[in-house]
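The structure appears right after this line, and notes come after that.
Each ligand, and each atom within it, is numbered from 1 in the order the structure gives. Heavy-atom basis, side chains included; hydrogens, waters and symmetry copies ignored. Throughout, numbering of the chain's residues begins at 1 and tracks the sequence. Please read these numbers as outputs of a predicted model, since none were measured by experiment.
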Amino acid sequence: MKIPVHIIILGQEGVGKSALAVRFLTRRFLSEFAETEEMAYERTVTLDDRQVSLRITDVSGKSLQTRAASRELLMEADAAVLVYSVTDQSSVTAARHALNCIRKHRPSVTTQVHGARKTQSTAATSEGPPLPVLLLGNKNDLDHVRTVTRYSDTTDWTSDFTMTSECSARDDADGVTSLFQQLIRKVLEIRDCSSKSGRKMSQASLGSPRQLRSTIKRRFSMFSRDRITTL
Ligand SMILES: Nc1nc2c(ncn2[C@@H]2O[C@H](COP(=O)(O)OP(=O)(O)OP(=O)(O)O)[C@@H](O)[C@H]2O)c(=O)[nH]1
């Protein structure tokens, strides 16, 4: 059975959102993309022997703020990737705005710092299940024109993310693939946990096998009494 997973990619125009999505899905790097407000890619990928029916929606930061349906988009997402370019400081500010937008609609962001989970919440809330978020500094092949210092420009807010990393959609297909895979694994882990706790809840509401037997007996005896009176 295919497991549906929806990832949204957010960030300022030109940071490489389309390049990252296409790199992950096809392993190819396309240097030119049509400028779009929103673009969706769909593909089935195999991860750890599980078939994942993946949908990636690429949304520009501007579009997220102006889009009337942004709440709907964020509510239906299973994970988010916030992209900035290491060559453009203003894209870090745009990513911060996008995080605020996410927070507004999905307060239960799952965060993890240096391998140790800061807030671990796998239970679904009224705002939907926890949303894993990856903060990704793209274009690190352009180190000579970098304006965003590795880590130090983002350290004050990296605790807001499940994962933070840098990569190059142009030069590092394996790195991009590995980051997306880690994010999908996180989504599957959250799903597995919430379906396990859902099963436990429904078992708990039935009570112990003994309680269950006596409930059935009681109901059955009422049914027999009814039948006798109607005869
Ligand atoms: N050097 C370098 N260039 C990149 C990289 N990723 C993307 N680019 C280039 O950056 C430009 C913008 O890439 P896109 O993928 O279209 O960016 P986008 O964020 O989807 O842009 P919008 O659709 O306008 O929001 C293109 O010319 C890409 O070739 C990278 O890792 N390194």
Where ligand 1 meets [X] - atom numbers and elements under 4.0 angstrom, heavy-atom basis:
{"X": "D141", "answer": "1 (N), 2 (C), 30 (C), 31 (O), 32 (N)"}
{"X": "A19", "answer": "6 (N), 7 (C), 15 (O)"}
{"X": "K17", "answer": "15 (O), 17 (O), 18 (P), 19 (O), 20 (O), 21 (O), 22 (P), 25 (O)"}
{"X": "Q12", "answer": "19 (O)"}

Are any of the heavy atoms in S168 under 4.0 Å away from ligand 1?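 Distance cut 4.0 Å: S168 passes for ligand 1.
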Check each heavy atom of L142 against ligand 1 and say whether those closer than 4.0 Å belong to the side chain, the backbone, both or neither. side chain
For ligand 1, is any non-hydrogen atom under 4.0 Å from N138's backbone (N, CA, C, O), its side chain (CB onward), both, or neither? side chain
Residue pairs, two or more places apart or on separate chains, that pass salt bridge (charged side-chain N to carboxylate O under 4.0 Å, His left out) and touch residues 73-90: D78-R191
With sequence neighbours excluded, tell me which residues meet salt bridge (charged side-chain N to carboxylate O under 4.0 Å, His left out) with R43. none
Would you call L30 and R28 a side-chain contact if the rule is heavy atoms closer than 4.5 Å? yes
Distance-only, no hydrogens or angles: does the D141 side chain make a donor-acceptor pair with backbone N or O of S168 under 3.5 Å?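 Checked: no pair found.
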T147 side-chain N/O to T87 backbone N/O, donor-acceptor pair under 3.5 Å: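 Checking the backbone N and O of T87 against the side chain of T147, a donor-acceptor pair under 3.5 Å is found.
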Checking the N or O distance criterion of under 3.5 Å, is ligand 1 in contact with C167? no
Working to the nearest 0.5 angstrom, can you tell me the gap between T46 OG1 and Q51 CD? 4.0 Å
